[in-house]
Amino acid sequence: MRSPVLTIAVLIALACPAPAEAPNLTSDQTSETGSAARLILAQRSYEVALSSGDPVILISAISMARKVTLRAPTAWTKTTDGDPAPGAPEGRIAATDPAGPEAIAIARGLAGDDPKLQDLVYDLDAQLPHGRWPTAVNATATLDPDQTDIWTLVLAGEVAAEIGLIGDGDTALGLAISDESGAVVCALPAARAAALCRITPARNGFFTVKVHNPGLVRNTYRLVGN
């Protein structure tokens with residue numbers, strides 16, 4: 001004969017929902033600054049330099065950006081949610097890159113007749129031989145107004161991961177990352193400034209990175225990872 005206590009216990013277990021799986025994150029989220037974080041810092045410094053006209057900050061930003069080697073993603077996939085807007089206003093073609101030739105030209109102009117600053121700019125532009133630099137994954141995409149790009153990628157457990165977003169500055173962009181269960185592990189409000197999420201998964205798993213354009217202008221952005 002089945003015990004009444006056992007029967008009640010079974011009924012309670014069936015009635016109660018299973019506990020939700022914890023987000024795929026370790027309890028210790030501290031880590032050293034990686035290659036993607038360096039690119040975000042370089043971008044933020046670059047924007048500060050342009051707004052203030054400070055050649056020293058600009059040279060520092062260019063140096064940081066040029067000391068990261070970029071490579072195309074090999075295991076990232078992307079889908080887009082939302083209809084294209086063929087008549088959407090065009091913004092800038094792409095985000096201004098601190099490692100690009102335009103940045104060097106601006107630095108040269110801001111350096112003026114200062115020989116020390118001109119030498120620093122020359123050294124940056126000379127592309128002198130260097131040792132091994134950290135590598136970052138870099139993908140470029142375009143979002144129409146009210147569209148969301150959904151990137152799927154695999155992150156390794158117990159390895160610090162950085163995902164950075166650099167928009168072209170014409171509209172604010174939102175950034176959110178979820179694990180395989182749908183739990184949000186990082187969410188940043190829409191902003192024009194470069195954004196960075198730093199997480200350390202507890203185990204290997206698939207993660208979803210969503211980039212949303214809530215503005216009225218087409219936006220070209222870069223998604224970078226370490």
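Just so it is clear, the structure is predicted and the values come from calculations on it, not from any experiment.
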Exercise answer: donor-acceptor pairs, residues 98-106 side-chain atoms, under 3.5 Å, sequence neighbours excluded:
none

For residues 147-160, run the donor-acceptor check on the side chains, cut-off 3.5 Å, and write out each pair with its distance to 0.1 Å, sequence neighbours left out.
| unit_1 | atom_1 | unit_2 | atom_2 | d |
| --- | --- | --- | --- | --- |
| Q147 | OE1 | D144 | N | 2.9 |
| Q147 | NE2 | G82 | O | 3.1 |
| Q147 | NE2 | D83 | O | 3.4 |
| T148 | OG1 | H212 | ND1 | 2.8 |
| D149 | OD1 | T80 | OG1 | 2.7 |
| D149 | OD2 | Y221 | OH | 2.5 |
| W151 | NE1 | Y221 | OH | 2.9 |

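The shortest side-chain heavy-atom distance between I177 and V184 does not fall under the 4.5 Å cut-off. The closest side-chain heavy-atom distance from V209 to L223 is below 4.5 Å. At a threshold of 4.5 Å between non-hydrogen side-chain atoms, the residues P214 and D146 do not count as touching. At least one side-chain heavy atom of I199 sits under 4.5 Å from a side-chain heavy atom of F207. Using a 4.5 Å cut-off on side-chain heavy atoms (C-beta onward), L120 and L124 make no contact. You'll find the side chain of R38 reaches within 4.5 Å of the side chain of T33, heavy atoms only. Looking at heavy atoms from C-beta onward, M64 lies in side-chain contact with L41 at the 4.5 angstrom threshold.
Under a 3.5 Å cut-off, the side chain of S63 and the backbone N or O of I59 do not form any donor-acceptor pair. Using a distance-only test at 3.5 Å, with no hydrogens or angles considered, a donor-acceptor pair links the side chain of R192 to the main chain of D170. Between the side chain of E162 and the backbone N or O of G34 there is at least one donor-acceptor pair closer than 3.5 Å. A donor-acceptor pair under 3.5 Å is formed between the side chain of D179 and the backbone N or O of N24.
Side-chain contact of N213 with N219: a donor-acceptor pair under 3.5 Å is absent, judged by distance alone. No side-chain N or O of S52 forms a donor-acceptor pair with one of D54 less than 3.5 Å apart. Side-chain contact, N138 with R71: no donor N or O sits under 3.5 Å from an acceptor N or O. Counting only N and O atoms by type, the side chains of T142 and T220 include a donor and acceptor under 3.5 Å apart.
Residues N226 and A161 share a closest heavy-atom pair of OD1-CA, 3.5 Å. Contact record, I62 with A107: CD1-CB, 3.8 Å, taken as the closest heavy-atom pair. Nearest heavy atoms, A111 versus L117: CB-CB, 3.7 Å. Taking each heavy atom of T26 and P201 in turn, the nearest pair found is CG2-O, 3.2 Å.
Summarising the local packing, NZ of K78 is surrounded by more than 12 heavy atoms from other residues, nucleotides or ligands at distances under 6.0 Å.
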Output, in order, the C-alpha distance, side-chain angles, deciding distance and verdict of salt bridge (Lys or Arg N to Asp or Glu O under 4.0 Å) for D81 and K210. CA-CA 10 Å; D81 183 21; K210 293 184 178 180; over 6 Å; no

